[in-house]
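Heads up: the structure comes next, in structure tokens.
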Amino acid sequence: MSSVKIERPRGTRDFLPDEMEKRRAVERLMREIVESYGYREVCTPTFEHLELFTLKSGEGILEEIYAFKDKGGRDLALRPELTAPVMRLFVNECKVMPRPLRFYYFANCFRYERPQRGRYREFWQFGVELIGSDRPESEAEVIAIAYRILERLGLDFELRIGHVGVLRELLKDLNEEKSSKIMRLIDKGEMDELEEYMNELNLGELYEKIKEIVKVKGKSDVIERLDLKKDVKERITKVCSLCDAYEVEYSIDLSIVRGLDYYTGIVFEAYAEGLGAQKQVCGGGSYRLAHVFGGEDTPSTGFAIGFDRVMEVCKIEPERKLKIAVVNAGDYELALRVAENLRREVKAEIVMDVMGRSLKKQLSHFKDYDFALIVGKREVESGIYSLKDLKTGVQEKLNFEKVVEKLKKEVKE
RNA sequence: GCCCGGAUGGGGUAGUGGUUAUCCUCUGGGACUGUGGAUCCCAGGAGCCGGGUUCGAAUCCCGGUCCGGGCCCCA
């Protein structure tokens, strides 16, 4: 302990095996679900040109970006999210692939923020991008997948669907500064402040309209009564009826304003119980980004799930692996050979003592294991091994084939 | 970026301006060299970092770091 102790950087975490097993189990479940919808995994670099994220991501993310210059003087950034990188990949690599493309990713992201529960500087996102379609079918599919994942994880959550087109249409005559301030106030739900601000701008009439729209909450029928542009209204109605067919539970919420500026149509968010301020576990929607990165204008829909937030509240437990100790009675090499043979036959954790412990100490050390196979000269010469069930203490004398047979059966159970 | 609250062996803790820092757990070994969990014994391991006050600081003060809670924002 003479040298300086090096701590983890702020907002990062170490994961021990128990935690990793749980994370991998959740990851596996997510992969299974999206793959069952035909999505295939992509992987992009951990860092990209800074520009990729500054072009269209919105102010919120820019302040939090980990940016740096490399030794060649290039401006680079650790990815703060994956939609932009995946769209860059799409533009670079996928020009002639048949549409639509169904991609998913599971990757770490970096944002310079004040760490809290469910908020880290390195965190993981699991998400999908459905690229090349602007039809309601694709939007409903993406929403349904997000819903299925959260449902299968056993989360207590709420899904809200909105459409940024509604507010954008109302605010289209205002300049960027005014409309983004208004959007921000709507997002925060600060209606009093909004009223004040809009009255200052002589926009009282517009405020009343916004107020009507923002307070709407409920199923698709609430849309009917609103005075909206025809195509937006039809779109919301169609996506809702498809979601109904998917048996997805949701409510309409036209006040949803996503933090990223590239969203253009349907947007949605999911909130889970039990996470305090960090309750948003999923966000997504339709966007157009490909043309910003030098590709053709391509409509896409996607979502990202905050993996670490989900981990905080989900109850999934990893499958317990069968644990077998091959215990040596003095001759390590004999036992080692048996252990190697056993590993070829049985899919389990098969472990040997490497501390030179006595037989007694080995059994004591492996007390949490399921089985101990005792291997000494006697066993190897006779071909009859002692297999001890460490939970019950019952010991059986079996030849190697019978040992394999019995353990195989245990693995399945 | 703002406002609170914390930090004592690997984990959980006690204590309080004054010897060698408490207890539990844990880890390794022994009693016990072919059969575990009990018991007993031995060993290991700690006051976040830096500065200040003081004869003396883990304890009081200041700064920093990290963690937790809230705000903001977001996943």
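Just so it is clear, the structure is predicted and the values come from calculations on it, not from any experiment. In the text below, chain A, chain B and the rest are named by the order of the sequence lines, each starting its count at 1.
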Quiz prompt | Residue matched to B:rC60 through Watson-Crick or wobble contacts both under 3.5 angstrom | solution = B:rG52
Quiz prompt | Gap between atoms CD and C1', on A:E122 and B:rA75 respectively (whole Å) | solution = 14 Å
Quiz item: How far, in whole Å, is B:rC62 from B:rU25 if one measures between their C1' atoms?
Solution: 37 Å
Practice problem: Name the pairing partner of B:rC26, where a pair is Watson-Crick or G-U wobble with both distances under 3.5 Å, or state none. | Solution: B:rG44
Quiz item: What form does the base of B:rG47 take, syn (within 90° of 0) or anti?
Solution: syn
Self-check item: Sub-6.0 Å ring centroid separation between A:F157 and A:Y271
Solution: no
Just the atom pairs and distances: protein N or O near nucleotides 67-70 of chain B's N or O, under 3.5 Å.
from: B:rC67; atom 1: OP1; to: A:G11; atom 2: N; distance (Å): 2.9
from: B:rC67; atom 1: OP2; to: A:R10; atom 2: NH1; distance (Å): 3.3
from: B:rG68; atom 1: O6; to: A:R114; atom 2: NH2; distance (Å): 2.6
from: B:rG69; atom 1: OP1; to: A:R117; atom 2: NE; distance (Å): 3.4
from: B:rG69; atom 1: OP2; to: A:R117; atom 2: N; distance (Å): 2.7
from: B:rG69; atom 1: O6; to: A:R114; atom 2: NH2; distance (Å): 2.7

Exercise. Decide yes or no, distance alone: a donor-acceptor N/O pair under 3.5 angstrom between the base of B:rA75 and the side-chain of A:E312.
Key: no
Quiz prompt | Partners meeting side chain to side chain donor-acceptor pair (under 3.5 Å) with A:E212 (sequence neighbours left out) | solution = A:K215
Quiz item: Counting any heavy atom closer than 4.0 Å, what does A:R357 reach on the DNA or RNA strands: base, sugar-phosphate only, or nothing?
Solution: sugar-phosphate
Self-check item: Candidate list A:L130, A:I131, A:L82, test side chain to side chain contact (heavy atoms under 4.5 Å, CB included), partner A:F103, passing option
Solution: A:I131
Self-check item: A:R10: side chain to side chain donor-acceptor pair (under 3.5 Å) partners, not counting sequence neighbours
Solution: none
Exercise. Measure the distance from OH on A:Y271 to C1' on B:rC73 and round it to the nearest whole Å.
Key: 13 Å
Quiz item: Taking any strand in view, what nucleotide pairs with B:rA31 in a Watson-Crick or G-U wobble way, both distances under 3.5 Å?
Solution: B:rU39
Quiz item: Does OP1 or OP2 of B:rA75 have a side-chain N or O of A:Q125 closer than 4.0 Å?
Solution: no
Practice problem: Kindly write out the residues that satisfy side chain to side chain donor-acceptor pair (under 3.5 Å) with A:E141, not counting sequence neighbours, or none if the list is empty. | Solution: A:Y39, A:R102
Exercise. Using the P atoms only, state how far B:rG29 lies from B:rC67, rounded to an integer number of Å.
Key: 36 Å
Quiz item: Which residue pairs pass the side chain to side chain donor-acceptor pair (under 3.5 Å) test when at least one of the two sits in residues 284-304 of chain A, sequence neighbours left out?
Solution: A:E129-A:Y287, A:E139-A:S286, A:S286-A:T301, A:R288-A:D297, A:H291-A:D297
Self-check item: Stacking check A:F307 vs B:rA75 (5.5 Å / 30 deg)
Solution: no
Can you give each donor-acceptor pair under 3.5 Å made by side-chain atoms of residues 236-243 of chain A, sequence neighbours left out, with the distance rounded to 0.1 Å?
from: A:T237; atom 1: OG1; to: A:K233; atom 2: O; distance (Å): 2.7
from: A:S241; atom 1: OG; to: A:K238; atom 2: O; distance (Å): 3.1

Exercise. Starting from C1' on B:rA75, measure out to CG on A:L150 and report it in whole angstrom.
Key: 12 Å
Quiz item: Can you tell me how far C1' of B:rC72 sits from CD of A:E64, to the nearest Å?
Solution: 10 Å
Quiz prompt | Pairing residues for A:F307 by the ring pair (Phe, Tyr, Trp, His ring centres under 6.0 Å) criterion, not counting sequence neighbours | solution = A:F106
Quiz item: B:rG1 pairs with which nucleotide, Watson-Crick or G-U wobble, both distances below 3.5 Å?
Solution: B:rC71
Self-check item: Polar contact flag, side-chain donor to acceptor under 3.5 angstrom, A:D353-A:Q362
Solution: no
Self-check item: Who pairs with B:rU19 - Watson-Crick or G-U, where each distance is under 3.5 Å
Solution: none
Practice problem: If a protein heavy atom is under 4.0 Å from the base, mark B; if only from the sugar-phosphate, S; if neither, -; do that for nucleotides 34-40 of chain B going 5' to 3'. | Solution: BBBB---
Quiz item: Roughly, in whole Å, what's the span from CG in A:L16 to P in B:rG11?
Solution: 11 Å
Quiz item: Which residues satisfy the side chain to side chain donor-acceptor pair (under 3.5 Å) test with A:E379, sequence neighbours excluded?
Solution: none
Practice problem: Starting from C1' on B:rC32, measure out to CD on A:Q362 and report it in whole angstrom. | Solution: 15 Å
Quiz item: To the nearest Å, how far apart are A:K279 NZ and B:rC71 P?
Solution: 10 Å
Quiz item: Quick one: A:F268 CZ to B:rC74 P, roughly how many Å, whole number?
Solution: 16 Å
